[in-house]
Protein chains: 2
Amino acid sequence: MKNQTLILLDTVERLGNLLRTGLRQAGVIQGLQPIHLQALLYLNEANRYSNTPQALAEYLGLTKGTVSQSLLLLARRKLIARHADEKDGRIVRLTLTDKGKDVLKELGLTNTWREALAEASPARLSSATKVLKEALARMQVKNGLKTFGVCSTCQHNLHIGPRSYVCGLTKEKLSSREVSKICREHLPIEEKTV
Amino acid sequence: MKNQTLILLDTVERLGNLLRTGLRQAGVIQGLQPIHLQALLYLNEANRYSNTPQALAEYLGLTKGTVSQSLLLLARRKLIARHADEKDGRIVRLTLTDKGKDVLKELGLTNTWREALAEASPARLSSATKVLKEALARMQVKNGLKTFGVCSTCQHNLHIGPRSYVCGLTKEKLSSREVSKICREHLPIEEKTV
DNA sequence: CACGAAACGTATCGTGTCGATACTAAATAG
DNA sequence: CTATTTAGTATCGACACGATACGTTTCGTG
């Protein structure tokens, strides 16, 4: 009999493959590869410290050279816009164009997933999420990777008033919309394992 | 606030990406791509009805032409062996060579995963597995895909005595080792959701 | 302030995935 | 015996991906 842990690993791997296949099929219509859609999805969620080629490369676990090529393609198709950073001339800021946002809207990737989990109890869902998030965080730490979380789970985030946030790292004010985006500087709050 | 279901989706996607990145890094040493390792892993678990290029293509969600190319590469490197089926001349049987098995042994892919889940309680693990297996099965059905499970969870499997099994589909006897392998004809037993 | 190091990004090359299409050979149906 | 189906291969074009090399801009340390 196989170890329970390995069965879970197998299941996650298969789900990952299936989601990737879904991305591939969804991208065919637009002539896009899975990695392109992943890039668009990331840029749609990245905060102002994280919308750069370098951050995307770290997020995807690829080299900056590889990512640079994919970004050139996306820019050619007018799905993203590239702007030089005002303060730091080395940095390129990436934003989704309206066309890029439309692509994401038309995907509707989450439907089958929602249906697949429709009958699972909320308690089970949240328990499963907890287990997997823990695993993800540990694997990221072990591999020296960044966690790319949102501000609400970040040690740097300071909640200085109602709907008023400051990042302790950059000392900048963040809007309540901004704190729900993902950040490459994210430092997870140590959670007590219940 | 985001839907709990979507948070789980996001986590699974990220874990999938991370596992894939792990595969990529592991393969660099052997000069292999993630897909090659996935093929080897599959062939290591596939039963006698499922060790063909076509079955592998279905499992991976790719076209047979694409898979054929990857298999040619693996054969060139002597990691797999190809034999014509005795009864059906169209079919090619794929088996791992000793060299191919060695590659899998040297990978040790599961270690970081094990460690990442070391502190999770068995109850949580099995609950999470249940949720995800359910989701996987539903998504496979929805997409018209095969489930590739083991005989013990298959409607075709007949347990005719202690350590004695027969597949109701092929009417062939199966060894107790064989029933723990994955099969392209797998038809999942309807499970009652507790 | 100068100069070397580091960080961000691009360009280019070779290997290989991937789908699409077209093909061969073997089995099967009528 | 012929038409169809099934398993697999061959080839082509677009592109991912890493490695390497390169150009800018910023930073740091004397």
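Below, chain A is the first sequence line, B the second, and so on; all start at residue 1. All figures in this text were calculated on a predicted structure; none of them were measured in a lab.
- By the side chain to side chain donor-acceptor pair (under 3.5 Å) test, Asn44(A) is found to be paired with no residue, residues two or more places apart in sequence or in another chain being considered.
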Heavy-atom contacts, protein to nucleotides 10-25 of chain D, under 4.0 Å, summarised as B (base), S (sugar-phosphate only) or - (none) per nt, yield BB---SSBB------B
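- Rounded to an integer number of Å, the gap from Leu23(A) CG to dC18(C) C1' is 15 Å.
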Please tabulate, for side-chain N and O atoms in residues 148-155 of chain A, each donor-acceptor pair with protein atoms closer than 3.5 Å (sequence neighbours left out).
unit_1, atom_1, unit_2, atom_2, d
Thr153(A), OG1, Val150(A), O, 3.0
Thr153(A), OG1, His186(A), NE2, 2.7
Gln155(A), NE2, Pro188(A), O, 3.0

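- Rounded to an integer number of Å, the gap from His83(B) NE2 to dG8(D) P is 14 Å.
- Counting to the nearest Å, the C1' atom of dG8(D) and the CG atom of Leu56(B) are 13 Å from each other.
- Inspection of the Asn17(B) and Gln38(A) side chains reveals an N or O donor paired with an N or O acceptor under 3.5 Å.
- Going from atom CD of Glu86(B) over to atom C1' of dA26(C) covers 16 Å, rounded to whole Å.
- What separates CD1 of Ile91(B) from C1' of dA25(C) is a distance of 13 Å, to the nearest Å.
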With side-chain contact (heavy atoms from CB on, under 4.5 Å) as the criterion, how do Leu62(B) and Ile35(B) come out once you've worked through the C-alpha distance, each side chain's angles and the decisive distance to 0.1 Å? CA-CA 10 Å; Leu62(B) 302 173; Ile35(B) 197 72; 3.6 Å; yes
Ser50(B) vs Tyr42(B), test: side-chain contact (heavy atoms from CB on, under 4.5 Å). Steps then yes/no. CA-CA 9 Å; Ser50(B) 315; Tyr42(B) 171 81; 3.3 Å; yes
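- Rounding to whole angstrom units, CD of residue Glu58(B) and P of dG8(D) are separated by 10 Å.
- Atom-to-atom, CD of Gln54(B) to P of dA26(C) comes out at 18 Å; the value is rounded to the nearest Å.
- Ser127(B) places no side-chain N or O within 3.5 Å of a backbone atom of Ala123(B) that could act as its donor or acceptor partner.
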